[in-house]
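I have placed the structure first, in the form of structure tokens, so that the comments after it can refer back to it.
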Amino acid sequence: MRALPVIILLGGWLTQAAHAADAQDWLQRLADAEQRQSFQGTFVYERNGSFSTHQVWHQVRPGGEVRERLLQLDGPAQEVLRVNGRTQCVTGALSDQMADGQAWPARALDARQLSEWYDLKVAGESRVAGRSATVLTLTPRDQHRYGFELHLDRDTGLPLKSLLLSDRAHLLERLQFTRVDTASAIDDADLQPSAACKAVRSSEAATDAPARWRSDWLPPGFSLTSAQERRSPASSEAVSSLLYSDGLARFSVFLEPLHGTVVEDARSQLGPTVMVSKRISTAEGDVMVTVVGEIPLGTAERVALSMRAAEATAAQ
């Protein structure tokens with residue numbers, strides 16, 4: 001009789017371990033699907049109460065090249081063409097954001113790594129765009145990142161629905177397919193951008209930002225994934241740009257010398273995206289630090305205040 005509680009406890013632990021392994025398997029299927037599965041369809045994007053509709057063509061070519069075209073079907077004309085995760089051309093308001101070689105790197109999901117920062121669970125089943133789906137939840141293990149609810153196609157592993165949730169389970173962002181076709185071949189003509197799609201220029205600036213800047217504090221699990229330095233279109237000053245990721249969530253840090261310019265600190269949030277600007281002092285003068293990304297506001301503020309010139313950090 002004394003062994004019964006131990007057996008029950010062990011059984012519960014084994015069940016939890018099996019569910020966690022199943023969740024990791026589904027996350028790995030998701031990572032593999034977007035690199036192996038061609039598809040086309042229409043999805044709705046919601047943020048901060050605003051909706052937009054988009055069409056996507058995602059083609060995996062022989063040899064592994066992935067070409068993807070996104071086209072916004074309502075509101076301002078927006079179009080993006082990517083090859084292997086790197087943006088080739090954009091239109092509309094995205095043109096200014098993507099100028100001078102700024103790219104959207106593809107996310108290579110590592111299920112085992114993410115399980116250190118998120119509690120992964122298979123939460124049930126659903127039906128999206130007429131297809132059966134498995135519901136996968138990623139609940140943060142700390143307060144420095146948001147949670148996800150993913151509805152993955154049972155046949156292919158593709159994400160049919162994605163919800164980004166705050167620490168209070170409030171919806172911050174939704175992406176949901178209304179139509180998905182994984183069987184029909186994609187015509188090359190569908191992947192040809194319009195004449196309005198502006199080519200993205202390669203940056204000519206040196207990428208020496210890691211040698212000049214670093215953070216005294218980062219949220220657990222986040223690490224530097226890329227760094228650039230380029231000229232500001234507004235002031236011609238050199239702006240350092242650092243990109244950090246935990247393998248799923250990302251944020252960028254921009255650092256621009258002020259040279260006596262008077263600017264105020266600022267903070268804002270639109271849906272899941274926060275923007276925090278802080279003025280910090282360095283041996284070479286004041287610098288404006290701006291953190292932009294899909295992380296909680298308090299986390300972004302702490303990152304901004306932790307930025308230091310590399311020389312100053314080394315001297316401490």
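- Judged purely by distance below 3.5 Å, without hydrogens or angles, the side chains of Ser38 and Gln59 never pair a donor atom with an acceptor atom.
- Between Arg154 and Trp26, some side-chain heavy-atom pair lies under the 4.5 Å cut-off.
- Within the 3.5 Å criterion, the main-chain N or O of Thr42 finds a donor-acceptor partner in the side chain of Thr178.
- Judged by distance alone, with hydrogens and angles left aside, the side-chain atoms of Asn48 form no donor-acceptor pair with the main-chain N or O of Ser50 at under 3.5 Å.
- Taking hydrophobic clusters as Ile, Leu, Val, Met, Phe, Trp and Tyr residues chained together by side-chain heavy-atom distances below 4.5 Å, Leu305 does not share a cluster with Val292.
- Side-chain N/O atoms of Ser215 and Ser306 include a donor and acceptor closer than 3.5 Å.
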Item to complete: Mind running side-chain contact (heavy atoms from CB on, under 4.5 Å) on Phe222 and Ile295 for me, showing each step along the way?
Response: CA-CA 11 Å; Phe222 281 85; Ile295 55 175; 4.2 Å; yes

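- In the displayed structure, Arg36 atom CZ is contacted under 6.0 Å by at most 12 heavy atoms of other residues, nucleotides or ligands.
- Counting only heavy atoms from C-beta outward, the side chains of Gln55 and Arg69 never approach each other to under 4.5 Å.
- The two residues Leu172 and Pro272 make their nearest non-hydrogen contact at O-CD, 3.3 Å.
- Scored by the salt bridge (charged side-chain N to carboxylate O under 4.0 Å, His left out) test, Glu301 finds Arg267 as partners (sequence neighbours excluded).
- Taking NE2 from His58 and OG1 from Thr182, the interatomic distance works out to 12.0 Å, rounded to the nearest 0.5 Å.
- A distance of 10.0 Å separates CZ of Arg308 from CH2 of Trp213, quoted to the nearest 0.5 Å.
- A 4.5 Å side-chain heavy-atom check between Leu242 and Leu255 finds at least one atom pair inside the cut-off.
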Item to complete: Evaluate side-chain hydrogen bond (donor to acceptor under 3.5 Å, both in side chains) for Glu149 paired with Thr137, printing each intermediate quantity in order.
Response: CA-CA 5 Å; Glu149 180 181 303; Thr137 59; over 6 Å; no

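- The shortest distance between side-chain heavy atoms of Leu171 and Glu46 falls below 4.5 Å.
- Considering only residues two or more places apart in sequence or on other chains, Glu68 meets the salt bridge (charged side-chain N to carboxylate O under 4.0 Å, His left out) condition with Arg82.
- Cluster membership for Phe39 and Val60, using ILVMFWY side-chain heavy atoms within less than 4.5 angstrom, is not shared.
- Ile280 contributes atom CD1, which lies 10.0 Å from atom CE of Met288 (distance to the nearest 0.5 angstrom).
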Practice prompt. May I have the step-by-step check of side-chain contact (heavy atoms from CB on, under 4.5 Å) for Phe251 and Leu218, ending in yes or no?
Written response: CA-CA 11 Å; Phe251 65 86; Leu218 288 172; 4.0 Å; yes

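- In summary, the side chains of Ser277 and Asp265 do not present any donor paired with an acceptor at a separation below 3.5 Å, with no hydrogens or angles considered.
- Residues Gln40 and Ser184 meet the side-chain proximity criterion, which asks for heavy atoms closer than 4.5 Å.
- Within the 4.5 Å cutoff, side-chain heavy atoms of Gln24 are placed close to those of Ser115.
- More than 12 heavy atoms of other shown residues, nucleotides or ligands fall within 6.0 angstrom of atom CZ in Arg61.
- Of all the heavy atoms in Gln269 and Tyr146, the pair that sits closest is NE2-OH, 3.3 Å.
- Of the listed residues (His144, Glu116, Arg141), just one forms a side-chain contact (heavy atoms from CB on, under 4.5 Å) with Pro220, and that residue is His144.
- Minimum interatomic distance between Pro193 and Cys89 (heavy atoms only, all atoms of both residues): CB-SG, 3.6 Å.
- If you chain together hydrophobic residues whose side chains sit under 4.5 Å apart, Leu270 and Val276 never meet in one group.
- Side-chain atoms of Asp155 and Arg131, non-hydrogen and from C-beta on, do get closer than 4.5 Å to each other.
- Apart from Val44 itself, the hydrophobic cluster it occupies contains Phe51, where clustering links Ile, Leu, Val, Met, Phe, Trp and Tyr at side-chain heavy-atom distances under 4.5 Å.
- What you find for Leu136 and Val122 is that their closest heavy atoms are CD1-N, 4.2 Å.
- By the 30° and 60° cut-offs, the orientation of the rings of Tyr45 relative to His54 is perpendicular.
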Fill in: Evaluation steps, side-chain contact (heavy atoms from CB on, under 4.5 Å), between Val291 and Val274
CA-CA 8 Å; Val291 179; Val274 301; 5.8 Å; no

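- Of all the heavy atoms in Phe177 and Ala129, the pair that sits closest is O-CB, 3.6 Å.
- In terms of heavy atoms, Asp153 sits closest to Ser132 at OD1-O, 3.4 Å.
- Atom CH2 of Trp57 sits about 11.0 Å away from atom CG of Asp187, to the nearest 0.5 Å.
- Cluster annotation: Val253 is not connected to Val263 through the hydrophobic network of ILVMFWY side chains, with a link wherever side-chain heavy atoms come within less than 4.5 Å.
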Discussion item. I'd like to know whether Gln228 forms a side-chain contact (heavy atoms from CB on, under 4.5 Å) with Leu243, so could you lay out the CA-CA distance, the side-chain angles of the two residues, the decisive distance to 0.1 Å, and finally the verdict.
Written reply: CA-CA 9 Å; Gln228 291 183 337; Leu243 177 65; over 6 Å; no

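- In this structure, CG on Leu160 lies 7.5 Å from CG on Leu152, to the nearest 0.5 angstrom.
- Distance check, rounded to the nearest 0.5 Å: CG of Leu150 to CG of Leu175 gives 10.5 Å.
- Other residues, nucleotides and ligands contribute only 12 or fewer heavy atoms inside 6.0 Å of the CD atom of Glu264.
- Of the possible donor and acceptor atoms, none in the side chain of Asp286 sits under 3.5 Å from a partner among the backbone N and O of Leu258.
- In this structure, Leu158 is not a member of the same hydrophobic cluster as Val66, with clusters built from ILVMFWY side-chain heavy atoms closer than 4.5 Å.
- The pair Asp181-Arg179 does not meet the salt-bridge criterion, since no charged nitrogen lies less than 4.0 angstrom from a carboxylate oxygen.
- You'll find the side chain of Asp246 reaches within 4.5 Å of the side chain of Tyr118, heavy atoms only.
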